[in-house]
Protein chains: 2
Amino acid sequence: MTAQPEPVSSARRIAAPPSMSTLAAEALREMVLSGELQPGDRVIENRLTEQLGVSRPPLREAMRVLEQEGLIVQVPRKGAVVAPVTPHDIYEIVSLREEIEQIAVRLGVPVRSQERLDRLREAFADLEAAAEEDGAPGVVACSFAFHLAIVGLAGHRRLEDVYRSLSLQMRMCMAMNRRARAGIETARQDAGRHRPLMELVEAGDVEGMAHTLAHHGQRTYLLSIEDDAEGHSPESRAWFARIRQEEEEAMRHDGHH
Amino acid sequence: MTAQPEPVSSARRIAAPPSMSTLAAEALREMVLSGELQPGDRVIENRLTEQLGVSRPPLREAMRVLEQEGLIVQVPRKGAVVAPVTPHDIYEIVSLREEIEQIAVRLGVPVRSQERLDRLREAFADLEAAAEEDGAPGVVACSFAFHLAIVGLAGHRRLEDVYRSLSLQMRMCMAMNRRARAGIETARQDAGRHRPLMELVEAGDVEGMAHTLAHHGQRTYLLSIEDDAEGHSPESRAWFARIRQEEEEAMRHDGHH
DNA sequence: GAATGGACTATTGTCTACAAAAGCCAGGCC
DNA sequence: GGCCTGGCTTTTGTAGACAATAGTCCATTC
């Protein structure tokens, strides 16, 4: 308490020196999310080391992280592939993601933490800016960031981590080539729905939030998937049927108004 | 078909050749769960390599996995420590764990998948056997396995993975020396409460399951923590207060009956 | 006597090299 | 002609060594 030998405390916090393994993880993640690597593609270690300019050990650590995030799967002596996604997987990802949103608004909206609200407002501003300027995939990232900030209202790190992981997986699904257009289109449609969400947050309307999120736009992208008969489970089939019905009802409602 | 140089085809499926990194992860996880390593303890790589008999690269991969599981935290150039747990962390772990149980029974109990029910019955049998035979920590592991099997009814891999991770963190908390006794004691108390749960599952009573799980015994162990003023957040404080009140009410109810 | 500077040690981050297993292709045998 | 079998290639798993950084301790100085 007598003397602090290091007065560089305020700027220090931000400057975290990123290790090679962390950088490799980010790069690999980006490759998956951008669609450069598609579900089912093999992930060869040697191939990537020269591509990313790192050695194999850090790359392997990065792959272990991606595996935990659900973006790739590793089979012990056979190698790794980008996680294939079946309709059942879509069901798991989206249903759990919605459940977590519900939990988060229930926990977080009533608290009204200024710090977290500011973070959300910032994400909202970014989203609106991105929606106006470029019609590019930047909107997708901002949309996910906005939703993440909503979940962040709860101040529940573990809840947020799970949500982040699921969002990554959902983005990976959207990057599958045949769906890509639908994904971006969905994001554009959603852009208009974010303002009502923001207003509900400001008003502290938990019920409204829960209801709006449950019928939020990112679902519409699911309708492009249903046809695939392969990889359905009984649960996923029933769930898709329910979603489709709800969406049709919502669209009919929109048409009538 | 002429001659099988390796007639071990049926047993093969089970015998997945575990790599050193996997073994290291299991060993390290066991050290944390048993309390040999306690929250806050530093995890030195060299120290562990000679202890576990593996080299550093696989050990580092193992640590990355444990980090994702929430059992250790790594700071870039400073090293790793066993994840410290504050009351707020306890709040996060237990509250999310309960939410997931609720989701799981809602999704899983009505399905009545024979395969998953058999798995649950097996876990229940193991638990009862362990409860009768040894009064040791084997009961704790079986109790967690039983709960995991309940969540498994949903057939929702991602839900199950999150639950598994949270259970590991909860076991780690229980391994903190001052709470250890309370943890095991709790497990013993719980043993008697598992049969009703099992019966509700067999009866397909979703509401009953949800209610019983919400007031299930593993909460009682939380009462031994509340005093710690350090590391509370507003959310955790309110939550602990609510739990304590509910538990007192339940105990009073038990006393009156 | 206390604070500051520097050197040292301990520890992490990374790379190259080696060993083993799995898949593949060609050649031979039935 | 088809299938097995042998070796070869590719790829993964692991080890040991080197480089760089952060923390620590001691000596020196005010």
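A distance of 8.0 Å separates CG in B:L52 from OG1 in B:T49, rounded to the nearest 0.5 Å. Taking CZ of B:R64 as the start and CD of A:Q68 as the end, the distance is 11.5 Å to the nearest 0.5 Å. Between the CG atom in B:L71 and the CD atom in B:E69 there is a gap of 5.5 Å [rounded to 0.5 Å].
Taking atom CG of A:L59 as the reference point, atom P of C:dG13 lies 16 Å away to the nearest angstrom. Rounding to whole angstrom units, CZ of residue A:R77 and P of C:dA20 are separated by 10 Å. Computed from coordinates, the B:L48 CG to C:dT12 C1' distance equals 14 Å when rounded to whole Å. As rounded to whole Å, 16 Å separates atom P of C:dT16 from atom CZ of A:R60. The nearest whole Å value for the distance from the CD atom in B:E61 to the P atom in C:dT12 is 17 Å.
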What N/O pairs connect the protein and nucleotides 15-18 of chain D at under 3.5 Å? Give each pair on its own line.
from, atom 1, to, atom 2, distance (Å)
D:dA15, OP2, B:S55, N, 2.7

Atom pairs under 3.5 Å, N or O on each side, protein against nucleotides 6-11 of chain C: can you list them with distances?
from, atom 1, to, atom 2, distance (Å)
C:dT11, OP1, B:R47, NH2, 3.0

Problem - CA sep, side-chain torsions, deciding dist, call: B:Y91, B:H88, ring pair (Phe, Tyr, Trp, His ring centres under 6.0 Å) - result: CA-CA 5 Å; B:Y91 150 68; B:H88 178 78; 5.4 Å; yes

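In summary, B:D161 and B:R164 engage in a salt bridge, as defined by a charged side-chain N under 4.0 Å from a carboxylate O.
Classification of the B:F240-B:H232 ring pair by plane angle, with boundaries at 30° and 60°, yields perpendicular.
Close to C:dG13, at under 4.0 Å from its OP1 or OP2, lies no side-chain N or O of A:S21. Residue A:S19 places no side-chain N or O under 4.0 Å from the OP1 or OP2 atom of C:dT12.
Looking at every heavy atom in both residues, B:M20 comes nearest to B:G53 through CE-O, 4.4 Å.
B:H156 and B:E160 form no side-chain donor-acceptor contact under 3.5 Å, judged by distance and modelled atom types alone.
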